[in-house]
Amino acid sequence: LAREACEIAPDEIRRLRQHFSMLHKQAEATSSEEGAEAAALAAETVAEATEQEFAALIEQARAKRAAWAAEQEAIRADNLVKKNDIIAQINALAEDTDNVNRTFPVYRELQDQFNAVGDVDPQEDTAVWKRFQEARERYSDNLKIFATMISRRILPKSRCCLRRLVIWRK
């Protein structure tokens, strides 16, 4: 809504500029020796009114643009919180070494959610992406360990053996 209002304001500003130019030309054309003072006074009055209207429209456009920028900043901050929550959930899945194979569908869903969340603040973007990659790598490493153990038929006698293997790998 604010973006549309910002796009409307420049059209109105152009219209006012054209109107001001037209009135100024009319005032110059009608000015002659006998009515020069009256034409100048009329031109000044119209110019002041047009300038005030122009200034008001500029202020409205600036206010709408500032509101839109604040709204976008709030959205980016909310997206940062969402992405950090998703990263924390992936880290929690990676720490649960007993259920790595069972949590894979949840892990895929979290990845899709992370990619669906919108942009974050450009200053935070790289750091968030690196934390996401680290969480993904940790989960993938645990999944590979689990898959290797299954393929080699080296299933641990107890789940604590799998934990020891993951801790040793870190």
Side-chain angles (χ1 to χ4, degrees), residues 1-20 51-170:
L1 180 67
R3 180 178 272 169
E4 291 173 7
C6 289
E7 291 173 1
I8 293 172
D11 293 337
E12 290 181 32
I13 292 169
R14 280 188 221 102
R15 182 187 59 79
L16 285 172
R17 284 182 181 166
Q18 290 172 351
H19 183 67
F20 178 74
E51 286 178 21
Q52 290 173 355
E53 191 176 343
F54 180 74
L57 285 174
I58 291 289
E59 286 303 314
Q60 286 177 354
R62 286 181 182 155
K64 289 176 183 177
R65 185 168 292 175
W68 179 77
E71 179 183 326
Q72 293 300 309
E73 186 64 31
I75 290 171
R76 281 191 217 103
D78 187 43
N79 289 343
L80 179 64
V81 170
K82 288 177 185 177
K83 285 190 175 192
N84 284 334
D85 288 344
I86 291 170
I87 291 170
Q89 290 175 7
I90 291 174
N91 282 330
L93 290 177
E95 294 297 322
D96 185 16
T97 56
D98 292 341
N99 298 313
V100 173
N101 199 29
R102 293 183 203 139
T103 59
F104 188 73
V106 176
Y107 168 70
R108 282 289 183 197
E109 185 179 320
L110 288 172
Q111 281 185 317
D112 292 340
Q113 288 176 7
F114 185 89
N115 292 330
V117 174
D119 294 333
V120 298
D121 186 24
Q123 296 172 346
E124 295 286 330
D125 192 36
T126 304
V128 169
W129 185 253
K130 283 181 182 179
R131 287 195 310 271
F132 178 64
Q133 291 297 330
E134 289 170 359
R136 285 179 53 192
E137 287 176 14
R138 182 181 299 150
Y139 184 86
S140 296
D141 288 346
N142 290 344
L143 189 63
K144 287 176 188 174
I145 290 170
F146 187 78
T148 302
M149 292 178 71
I150 288 176
S151 68
R152 293 183 183 173
R153 303 208 188 275
I154 309 175
L155 295 175
K157 294 180 181 176
S158 68
R159 294 287 184 182
C160 65
C161 294
L162 179 60
R163 282 193 193 120
R164 279 191 228 126
L165 182 60
V166 170
I167 291 171
W168 174 78
R169 178 115 193 244
K170 287 181 185 178

Checklist outcome for this item: To the nearest 0.5 Å, atom CG of D78 lies from atom CZ of R76 at 12.5 Å
Checklist entry - Going from CD1 on I87 to CD on Q89, what distance comes out if it is rounded to the nearest 0.5 angstrom? => result 10.5 Å
Checklist entry - Between N79 and V120, what is the shortest heavy-atom contact and its length? => result C-CG1, 3.9 Å
Side-chain donor-acceptor contacts of residues 108-119 below 3.5 Å, not counting sequence neighbours, with atom names and distances?
{"from": "R108", "atom 1": "NH1", "to": "Q111", "atom 2": "OE1", "distance (Å)": "3.0"}
{"from": "E109", "atom 1": "OE2", "to": "Q113", "atom 2": "NE2", "distance (Å)": "3.3"}
{"from": "Q111", "atom 1": "NE2", "to": "Y107", "atom 2": "OH", "distance (Å)": "3.0"}
{"from": "N115", "atom 1": "ND2", "to": "Q111", "atom 2": "O", "distance (Å)": "3.3"}

Which donor-acceptor pairs under 3.5 Å do side chains of residues 124-136 form with protein atoms, sequence neighbours excluded?
{"from": "R131", "atom 1": "NH2", "to": "N84", "atom 2": "OD1", "distance (Å)": "2.5"}

Checklist outcome for this item: Hits for salt bridge (charged side-chain N to carboxylate O under 4.0 Å, His left out) against D121, two or more places apart or cross-chain, chain-then-number order -> none
Checklist entry - How many angstroms lie between atom CZ of R138 and atom CG of L93, to the nearest 0.5 angstrom? => result 11.5 Å
